[in-house]
Amino acid sequence: MESKVSEGGLNVTLTIRLLMHGKEVGSIIGKKGETVKKMREESGARINISEGNCPERIVTITGPTDAIFKAFAMIAYKFEEDITNSMSNSTATSKPPVTLRLVVPASQCGSLIGKGGSKIKEIRESTGAQVQVAGDMLPNSTERAVTISGTPDAIIQCVKQICVVMLESPPKGATIPYRPKPASTPVIFAGGQAYTIQGQYAIPHPDQLTKLHQLAMQQTPFTPLGQTTPAFPGLDASPPASTHELTIPNDLIGCIIGRQGTKINEIRQMSGAQIKIANATEGSSERQITITGTPANISLAQYLINASFPDPELHGRTFPA
């Protein structure tokens with residue numbers, strides 16, 4: 001693909017960040033990393049993929065603009081090939097568009113949208129691609145997701161126009177980049193293995209849950225989200241409920257409760273345990289948390305509470321009651 005844009009003095013080094021699901025990342029990497037190696041060699045762009053056992057990964061593409069456009073073209077055509085292959089096994093008649101998600105500093109999104117949405121409308125009309133700028137910033141960052149969908153050719157033209165806007169309107173102030181977090185999705189124990197749910201699939205869970213899994217396996221049959229299913233009609237397989245108490249420093253309690261109680265509700269739902277947080281007492285720098293449920297429910301609740309602390313050094317630390 002010959003890039004004419006560089007003739008307009010646009011051939012400068014740029015970095016574009018993409019947000020991808022695990023399945024998409026796997027497609028880009030290819031068997032033994034062959035696909036991404038070929039993309040790097042043929043495009044001349046640097047392509048880096050973030051580490052981690054996350055359902056989402058960041059793919060960073062850096063290089064001169066023409067190298068970036070080549071890399072984007074290769075990614076878009078690879079995704080189209082994946083769609084074509086998946087359709088050969090399905091009954092769907094209409095072909096879904098290729099979709100890419102860019103991660104753009106929020107300070108540049110205004111220029112991308114334009115006055116009264118004029119710029120984004122112009123990009124949509126001239127390229128034929130659908131472009132959506134997310135209203136909210138991605139968690140713990142100053143970046144927003146920009147979703148582009150259409151044919152590979154429309155996507156390539158759209159990325160070229162977005163690059164022009166980003167070069168003309170550099171980000172203002174410091175950008176806090178989005179870093180995907182490991183999935184805190186429901187955990188299922190089955191056949192001696194811990195699994196998390198990603199989309200429609202159960203994915204074997206990384207090692208960090210193995211200890212918790214062993215704890216659960218020492219108990220009784222353990223079903224998703226802490227529900228108890230009788231092994232035989234009329235026979236309840238769950239062990240009697242017990243209670244465990246933790247004391248948590250006041251400055252960390254917000255991490256566990258989350259905005260408007262979203263985090264604590266998620267922990268309750270996923271662990272199946274009852275969790276009560278005592279009111280703050282005057283003069284005390286700590287709050288008491290009471291967890292009630294089966295030993296497996298309590299173990300999972302403790303794990304999820306520890307995992308919600310922002311400092312990795314606190315993970316795995318159990319606070320004495």
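If you read the sequence from its start, that first residue is 1, and numbering goes on from there. Computation of the quantities below employed the complete heavy-atom set of this structure, encompassing side-chain atoms and omitting hydrogens, waters and symmetry-equivalent molecules. Here the structure is a predicted model, which is why all the values come from computation and not from measurement.
Legend: residues meeting salt bridge (Lys or Arg N to Asp or Glu O under 4.0 Å) with E286, ordered by chain and number and at least two apart, are absent. Under the side chain to side chain contact (heavy atoms under 4.5 Å, CB included) criterion, I176 pairs with T142, sequence neighbours left out. With sequence neighbours excluded, the residues satisfying side chain to side chain donor-acceptor pair (under 3.5 Å) with K95 are T84. Not counting sequence neighbours, the partners of R17 by the salt bridge (Lys or Arg N to Asp or Glu O under 4.0 Å) test are E143. For T15, the side chain to side chain contact (heavy atoms under 4.5 Å, CB included) test picks out T60, T62, with sequence neighbours left out. Contacts of K78 classified as side chain to side chain contact (heavy atoms under 4.5 Å, CB included), with partners at least two apart in sequence or in another chain: S27, T35, M39, E81, D82. With sequence neighbours excluded, the residues that form a side chain to side chain donor-acceptor pair (under 3.5 Å) with S111 are S169. The side chain to side chain donor-acceptor pair (under 3.5 Å) check on S126 picks up Q161, with sequence neighbours excluded.
Contacts classified as salt bridge (Lys or Arg N to Asp or Glu O under 4.0 Å) and involving residues 100-114 (residues at least two apart or in different chains) are given here: E56-R101. Each salt bridge (Lys or Arg N to Asp or Glu O under 4.0 Å) pair with one or both residues in residues 128-138, not counting sequence neighbours, would appear here, but there are none. Screening residues 115-124 for salt bridge (Lys or Arg N to Asp or Glu O under 4.0 Å) gives K119-E122, K121-E125 as the qualifying pairs, with residues at least two apart or on separate chains. For the salt bridge (Lys or Arg N to Asp or Glu O under 4.0 Å) condition, no pair includes a residue of residues 289-304, sequence neighbours left out.
With hydrophobic clusters built from ILVMFWY side chains whose heavy atoms lie under 4.5 angstrom apart, V25 does not share a cluster with Y178.
No donor-acceptor pair closer than 3.5 Å links the side chain of Q157 to the backbone N or O of A154. A side-chain donor-acceptor contact under 3.5 Å links N250 to the backbone of S284. Of the possible polar contacts, none joining the T175 side chain to the P177 backbone as a donor-acceptor pair under 3.5 Å is found. Remark: the backbone N or O of C158 is not paired with any side-chain donor or acceptor of T127 at under 3.5 angstrom.
Using a 4.5 Å heavy-atom cutoff, the side chains of T247 and R287 are not in contact. The shortest distance between side-chain heavy atoms of L18 and F72 falls below 4.5 Å.
When I49, I75, I58 are each tested for a side chain to side chain contact (heavy atoms under 4.5 Å, CB included) with M20, only one passes: I75.
Ion pair K263/E266 flagged as a salt bridge, since at least one NZ, NE, NH1 or NH2 atom sits closer than 4.0 Å to an Asp/Glu carboxylate oxygen.
Counted by atom type alone, T262 and N265 present zero donor-acceptor pairs between their side chains at under 3.5 Å.
Summarising the geometry, atom CD1 belonging to I267 is positioned 9.5 Å from atom CG belonging to L300; distances are rounded to the nearest 0.5 Å.
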* Start with the C-alpha distance between I16 and M166, add both sets of side-chain angles, then the distance that settles side-chain contact (heavy atoms from CB on, under 4.5 Å), and finish with yes or no. => CA-CA 10 Å; I16 304 279; M166 288 170 81; 4.2 Å; yes
